[in-house]
Amino acid sequence: MNRNDVKPVGELTLRTLAMPADANAAGDIFGGWVMAQMDLACGIRAAERAKGRVVTAAVKEMSFAKPMKVGDTLCIYIDITKVGRTSMTLRVEAWAQRYLSDLMERVTHADFVMVAVDKDGVPTPVPQED
């Protein structure tokens, strides 16, 4: 695969297609849509690790290096970098696979902090890994 940036780090957790409804009039995908997809992927990966419900507690600094365009496939990679008592930090990378191409470009990255919660929304310990 042709890459003009570093290789993605982490586990591929989500792939989705950028559609016209997700874009402005110039065909650029809204940054908020990309961030929402990153949050969804974090929810999937963190819930798997916590073996239960999780919520987003924080998103650390994020800036966009490249645009997403209509037709690109958004690929979200996640690496769990820290597990605390009730929280975990996930390094999230968003990559664009360009439309009808093998070219992959990193769009943005950020650290998300997710907290495991019980049925009442109270923080609960993250289980030790098997």
Side-chain angles (χ1 to χ4, degrees):
M1 203 172 275
N2 188 10
R3 300 186 197 283
N4 72 344
D5 202 343
V6 295
K7 185 176 176 183
V9 174
E11 181 180 334
L12 179 61
T13 305
L14 183 80
R15 291 182 77 220
T16 190
L17 185 63
M19 299 294 288
D22 307 315
N24 62 23
D28 295 315
I29 300 300
F30 296 120
W33 180 84
V34 173
M35 187 175 179
Q37 302 310 305
M38 293 168 76
D39 194 31
L40 282 171
C42 282
I44 292 167
R45 187 69 187 95
E48 290 171 347
R49 176 61 181 84
K51 299 184 181 7
R53 186 175 165 208
V54 294
V55 295
T56 306
V59 178
K60 298 185 181 174
E61 184 176 322
M62 178 185 290
S63 61
F64 291 86
K66 306 261 185 190
M68 282 285 303
K69 295 286 193 179
V70 170
D72 291 346
T73 299
L74 179 65
C75 304
I76 307 293
Y77 294 84
I78 296 183
D79 184 30
I80 298 175
T81 58
K82 180 181 175 189
V83 178
R85 192 177 78 75
T86 62
S87 68
M88 61 191 90
T89 302
L90 297 87
R91 174 70 173 184
V92 186
E93 295 186 359
W95 287 72
Q97 181 177 353
R98 299 304 179 186
Y99 184 63
L100 299 178
S101 167
D102 287 337
L103 178 65
M104 295 277 288
E105 295 183 303
R106 190 168 70 178
V107 173
T108 189
H109 60 87
D111 289 330
F112 280 61
V113 178
M114 306 296 283
V115 175
V117 295
D118 65 17
K119 62 179 176 54
D120 298 316
V122 177
T124 189
V126 176
Q128 296 295 318
E129 282 192 300
D130 300 331

Query raised in the report: Quick one: hydrophobic cluster around L100, which other residues, with the 4.5 Å side-chain cut-off, linked directly or via members?
Result: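 Y99, all in the cluster of L100.
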Query raised in the report: How does the hydrophobic cluster around L17 look, that is, which other residues are in it when side-chain heavy atoms under 4.5 Å mark a link?
Result: M19
Requested in this report: Using the salt bridge (Lys or Arg N to Asp or Glu O under 4.0 Å) rule, collect all pairs that involve residues 78-94, keeping only residues at least two apart or in two chains.
Outcome: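 Every salt bridge (Lys or Arg N to Asp or Glu O under 4.0 Å) pair that includes a residue of residues 78-94, provided the two are not neighbours, is R91-D111, E93-R106.
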Could you tell me the separation between the [atom1] atom of [X] and the [atom2] atom of [Y], rounded to the nearest 0.5 Å?
X: M62; Y: H109; atom1: CE; atom2: NE2; result: 9.5 Å
X: I78; Y: F112; atom1: CD1; atom2: CZ; result: 8.0 Å
X: E61; Y: T108; atom1: CD; atom2: OG1; result: 9.5 Å
X: M68; Y: W95; atom1: CE; atom2: CH2; result: 13.0 Å

Query - Full working for side-chain contact (heavy atoms from CB on, under 4.5 Å) between V107 and F64 - result: CA-CA 6 Å; V107 173; F64 291 86; 3.9 Å; yes
Query raised in the report: Does some side-chain heavy atom of V92 sit less than 4.5 Å from a side-chain heavy atom of I76?
Result: yes
Requested in this report: Start with the C-alpha gap between V122 and V117, add the side-chain angles, then the distance that decides, and say whether side-chain contact (heavy atoms from CB on, under 4.5 Å) holds.
Outcome: CA-CA 5 Å; V122 177; V117 295; over 6 Å; no
Requested in this report: Before giving the answer on side-chain contact (heavy atoms from CB on, under 4.5 Å), spell out for C75 and L12 the whole-Å C-alpha distance, their side-chain angles and the decisive distance to 0.1 Å.
Outcome: CA-CA 7 Å; C75 304; L12 179 61; 3.9 Å; yes
Requested in this report: For residues D72 and A96, report the shortest heavy-atom separation together with the two atoms involved.
Outcome: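 Shortest heavy-atom separation between D72 and A96 comes out as OD2-CB, 4.2 Å.
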Report summary line: Between M114 and the options T89, I80, L90, the side chain to side chain contact (heavy atoms under 4.5 Å, CB included) test singles out L90
Query - For A57, side chain to side chain contact (heavy atoms under 4.5 Å, CB included) partners two or more places apart - result: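 With sequence neighbours excluded, A57 shows a side chain to side chain contact (heavy atoms under 4.5 Å, CB included) to V113, V115, given in chain and number order.
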Query - Set of residues satisfying salt bridge (Lys or Arg N to Asp or Glu O under 4.0 Å) with respect to R53, sequence neighbours excluded - result: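 Residues passing salt bridge (Lys or Arg N to Asp or Glu O under 4.0 Å) with R53: none at all.
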Less than 3.5 Å apart, which donor and acceptor atoms pair up between the side chains of residues 35-49 and the rest of the protein, not counting sequence neighbours?
from	atom 1	to	atom 2	distance (Å)
D39	OD1	T56	OG1	2.5
R45	NE	E11	OE1	3.4
R49	NH1	P127	O	2.6
R49	NH2	P127	O	3.3

Report task. Among residues two or more places apart or on two chains, list those pairs meeting side-chain hydrogen bond (donor to acceptor under 3.5 Å, both in side chains) that have a residue in residues 15-34. Result ->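 For residues 15-34: R15-Q97, D22-W33, D28-K69.
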